[in-house]
Amino acid sequence: MSKIIKAENVSFSYEGDTPEERVEVLKNISFEIEEGSFTAILGRNGSGKSTLAKLLCMINLPDSGRLEVDGIEVTREDVTEDEIYEARRDVGMVFQNPDNQIVATIVEDDVAFGPENLGIPSEEIRKRVDGALEAVGMSEYARHSASRLSGGQKQRVAIAGALAMKRKCIIFDESTAMLDPLGRKEVMKNILRLNKEDGITVLLITHYMNEASLADRVIVIDNGGIIMDGRPSEVFSEVDKMWEAGLDVPQTTELLQRLRDAGLDVPKDIFDPAECAAVIKAALADRGCAI
Ligand code: ADP
């Protein structure tokens with residue numbers, strides 16, 4: 001499997017007005033992201049998740065270390081503008097606030113905006129826009145006014161924009177945080193679909209543990225570094241370490257942990273509430289308590 005992102009000892013600080021005000025956010029961080037994978041990035045507020053996302057889509061460049069995006073080493077001293085431009089085309093970001101990322105009045109014009117800026121011929125743009133709107137279930141809104149859409153619909157239009165750009169990797173920076181539960185579900189369904197069916201690499205920054213549990217891999221950032229990295233079941237089973245990092249675990253994990261602490265023989269790594277209820281029922285039945 002090829003790696004779409006390779007970061008080696010990457011550090012990043014924000015400049016302050018004085019050297020004392022300089023904020024060192026990421027310290028010698030190293031990791032790789034496999035093409036086509038789905039990774040959730042967790043960490044308390046201010047831990048550096050958005051800063052990392054901005055490095056990966058090259059809104060900022062690292063102070064030191066090596067960063068490679070889709071085979072292009074963007075931190076190389078002699079990297080050209082064209083190479084950076086090409087690497088930037090591969091990685092897109094969908095932000096938190098649905099209202100801040102719509103640039104055109106009409107939905108299909110908004111989705112066409114990115115490819116138009118790339119100078120793509122108009123028939124190709126038409127195809128891409130139609131395909132992207134269909135992929136996120138928004139075809140019937142193509143000629144609608146973007147400002148009238150719900151938050152979840154606006155985020156789906158933002159995703160369609162990234163699809164129309166043919167991004168290989170999309171970073172979602174708390175893109176469901178401002179949505180109601182229905183909108184959140186719709187957007188997550190679309191994120192999963194574009195990862196599983198279109199093979200797009202997804203990085204999902206989230207505070208919702210049930211969303212993170214859908215990923216193949218969870219990376220936890222704290223104090224400028226990666227403190228946990230593994231499958232959701234591995235990471236979430238370290239309940240105390242998650243709590244120390246200022247994070248929750250999925251509610252099912254917490255419930256199962258408390259039952260284990262109380263001496264009931266239940267597994268640690270079940271995220272689906274119905275499955276969780278079934279294993280608790282079975283464990284109670286083993287003890288002769290039928291429910
Ligand atoms: P997270 O996404 O995990 O909440 P951020 O990456 O937004 O964290 O922020 C990490 C740290 O960097 C915080 O201490 C934040 O105050 C600081 N920071 C973020 N953006 C800037 C900026 N533009 N200038 C200076 N400091 C910043």
Side-chain angles (χ1 to χ4, degrees), residues 5-33 38-67 69 74-75 84 87-88 91-101 151 155 158-159 162 167 169-179 184 187-188 191 201-215 217-230 232 235-236 238 241-250:
I5 289 165
K6 288 186 188 176
E8 255 174 61
N9 291 321
V10 164
S11 299
F12 182 82
S13 312
Y14 290 104
E15 298 291 341
D17 290 336
T18 62
E20 295 79 56
E21 283 177 28
R22 198 180 156 93
V23 191
E24 195 182 13
V25 182
L26 300 172
K27 300 168 201 161
N28 290 320
I29 218 166
S30 299
F31 62 93
E32 294 184 338
I33 300 287
F38 177 3
T39 307
I41 299 179
L42 309 179
R44 66 178 99 219
N45 275 338
S47 60
K49 303 178 298 295
S50 295
T51 303
L52 180 64
K54 284 179 194 151
L55 289 183
L56 300 182
C57 53
M58 287 150 284
I59 294 173
N60 293 324
L61 283 173
D63 299 335
S64 60
R66 184 178 182 281
L67 178 64
V69 177
V74 295
T75 42
I84 296 263
R88 271 199 187 123
V91 186
M93 216 159 148
V94 176
F95 296 92
Q96 184 180 94
N97 189 336
D99 291 318
N100 289 352
Q101 34 200 340
Q155 292 299 60
I159 296 174
R167 303 285 199 196
C169 174
I170 305 181
I171 306 175
F172 294 89
D173 190 356
E174 297 192 37
S175 311
T176 65
M178 296 177 75
L179 307 180
R184 204 173 299 146
V187 170
M188 277 312 297
I191 293 176
T201 310
V202 169
L203 296 180
L204 179 77
I205 298 174
T206 183
H207 282 294
Y208 295 105
M209 297 302 142
N210 59 337
E211 292 180 359
S213 73
L214 300 170
R217 175 181 176 196
V218 173
I219 292 178
V220 181
I221 296 184
D222 202 24
N223 200 21
I226 294 178
I227 59 159
M228 284 195 260
D229 183 352
V235 170
F236 292 144
E238 302 222 34
K241 216 167 162 188
M242 288 288 284
W243 283 340
E244 271 167 38
L247 296 168
D248 279 331
V249 292

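Note that the coordinates shown come from a computational prediction; the quantities given were computed from them, not determined experimentally. We count residues from 1, following the sequence as given. Atoms within a ligand are numbered from 1 in the order they appear, just like the ligands themselves.
- Side chains of E8 and S30: no donor on one and acceptor on the other come within 3.5 Å.
- With Q101 contributing its side chain and F95 its backbone, the two residues share a donor-acceptor pair below 3.5 Å.
- Donor-acceptor pairing under 3.5 Å is lacking for the side chains of S47 and D222.
- By the 6.0 Å and 45° rule, R184 stacks over the aromatic ring of Y208.
- Formation of a donor-acceptor pair under 3.5 Å by the K6 side chain with backbone atoms of E32 is not found in this model.
- You'll find the side chain of F172 stays beyond 4.5 Å of the side chain of Q96, heavy atoms only.
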List of N/O pairs, ligand 1 versus protein, all under 3.5 Å?
from	atom 1	to	atom 2	distance (Å)
ligand 1	2 (O)	S50	N	2.9
ligand 1	2 (O)	S50	OG	2.9
ligand 1	3 (O)	S47	N	3.1
ligand 1	3 (O)	S47	OG	3.3
ligand 1	3 (O)	G48	N	3.0
ligand 1	3 (O)	K49	N	2.9
ligand 1	3 (O)	K49	NZ	2.8
ligand 1	4 (O)	G46	N	2.8
ligand 1	6 (O)	T51	N	2.9
ligand 1	6 (O)	T51	OG1	2.5
ligand 1	8 (O)	G48	N	3.2

